[in-house]
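Just so we're on the same page: letters track the sequence lines, and every chain starts at 1. The model shown is predicted, which means the values in this text are computed figures rather than measured ones.
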2 protein chains.
Amino acid sequence: MAGVVDETKRKRRSGCPVSVSLEIFGDRWSLLILRDLMVRGYRTFKEFEQAGEGIATNVLADRLRRLEGAGMLTRKMEDSDGRRGIYRLTEKGIDLAPVMLELLVWGARHEQTGAPCGVIDHMATNREAVLKEVRRRWEEQDPTPFLPRFQGSGLKTQKL
Amino acid sequence: MAGVVDETKRKRRSGCPVSVSLEIFGDRWSLLILRDLMVRGYRTFKEFEQAGEGIATNVLADRLRRLEGAGMLTRKMEDSDGRRGIYRLTEKGIDLAPVMLELLVWGARHEQTGAPCGVIDHMATNREAVLKEVRRRWEEQDPTPFLPRFQGSGLKTQKL
DNA sequence: CCGGATCCGTTTCGATACTG
DNA sequence: CAGTATCGAAACGGATCCGG
């Protein structure tokens, strides 16, 4: 039974916030999964698999398990279809929203990305309001938690 | 000549801010190095080696090179001692301060760490002031950039 | 089909010894 | 001191297989 990571051998870091945080998402994929949950509203294995840019299924399964173990997300099976799993952020997970927001702003500024400037500017300027709205949507289990609703938006979250 | 990572084979991600950011610090060590520069004021190879909790020297050298290549920091040799390298954050690097601050706050809240609550609370409450001060110190090349100066402080940065 | 688990070749890491 | 060379051990990525 070799998922991918042998949990018993993971290195313990000392108790600094940054160090400990990196135990949870200090790898190539975990933060992307959290973004998918938080910004894009993804919920199923399939969505993560196709959206994260090419993650292997075994690695994805491993990361989901680890993130669940770290209390960042929960997994449960859909009532109507027992085989389809639904992943949701925990409160600990959604509390990462300020970090995610700052990261989006930083990335959009310093690495010319495809992110729509209007959206990013709005997030940078109306920080508190955006975060409050994110939190409200999460509490209501609204599937599109992060983005302000723009009129003619569409699939803008794909760019974030 | 095997440093550690063959740069020519690194996977390109799509142009989303989060994805692109993770190309730079989506691993176990890069963000710790940036924290050491930003929060602790470390500058030399030796300091990073001893402070990051057990990074191998070859990996450290590789990460420093990569971060330099990504424009996050600069390396130059000390005038007095030609062999001693001095690393400093670039503007792009110091612009990551808001992300770092939110990460510190999140980590201190959700993972019982050794971080002093007073300091973290202060950062969370006086966000703008702290970030402004950080930026000011960076511009002046003050070696202790992040922490508010507390009266009897000392080595509190070790806990961040 | 969906959500994984298994197998296996390749890449990266980590520890340590070594060098200018 | 600031790295580089070497090498065994993990982790990754891709493909395939499987239970529900």
Can you check the [X] [atom1] to [N] [atom2] distance for me, whole Å?
| X | N | atom1 | atom2 | answer |
| --- | --- | --- | --- | --- |
| B/Q50 | D/dC1 | CD | P | 8 Å |
| B/D62 | D/dA2 | CG | P | 18 Å |
| A/R84 | C/dG3 | CZ | P | 6 Å |
| B/L32 | C/dG14 | CG | P | 11 Å |
| A/E68 | C/dG4 | CD | C1' | 14 Å |
| A/R28 | D/dC12 | CZ | P | 9 Å |
| B/L60 | C/dA15 | CG | P | 13 Å |
| B/E49 | D/dA2 | CD | P | 9 Å |

Problem set entry | Ion pair A/R136/A/E140, N-O distance below 4.0 Å | yes

Exercise. C/dA15 base to B/T57 side chain: any donor-acceptor pair below 3.5 Å?
Worked result: no

Exercise. With a 4.0 Å cut-off on heavy atoms, is A/Y87 in touch with a base, just the backbone sugar-phosphate, or nothing at all?
Worked result: sugar-phosphate

Looking at the side chain of [X], which of [options] is the nearest nucleotide?
| X | options | value |
| --- | --- | --- |
| B/A61 | D/dT4, D/dG14, C/dG14 | D/dT4 |
| B/V59 | D/dG14, D/dA2, C/dC13 | C/dC13 |
| B/N58 | D/dT4, D/dG3, C/dG4 | D/dT4 |
| A/R65 | C/dC2, C/dA5, D/dG13 | C/dA5 |

OP1 or OP2 of [N] sitting under 4.0 Å from any side-chain N/O of [X]?
| X | N | value |
| --- | --- | --- |
| B/W29 | C/dC13 | no |
| B/R75 | D/dG3 | yes |
| A/R63 | D/dC12 | yes |

Exercise. Does the pair A/E23 and A/R66 meet the rule for a salt bridge (charged side-chain N to carboxylate O under 4.0 Å, His left out), with working shown?
Worked result: CA-CA 10 Å; A/E23 279 180 41; A/R66 261 163 61 175; over 6 Å; no

Problem set entry | Backbone of A/G15 reached by a side-chain donor or acceptor of A/S19 within 3.5 Å | no

For this session: State, yes or no, whether a side-chain contact exists between A/R63 and A/D27 at a heavy-atom distance under 4.5 Å.
Result: yes

For this session: Give a yes or no on whether A/L73 and B/W106 share a hydrophobic cluster (residues Ile, Leu, Val, Met, Phe, Trp, Tyr; joining criterion: side-chain heavy atoms under 4.5 Å apart).
Result: yes

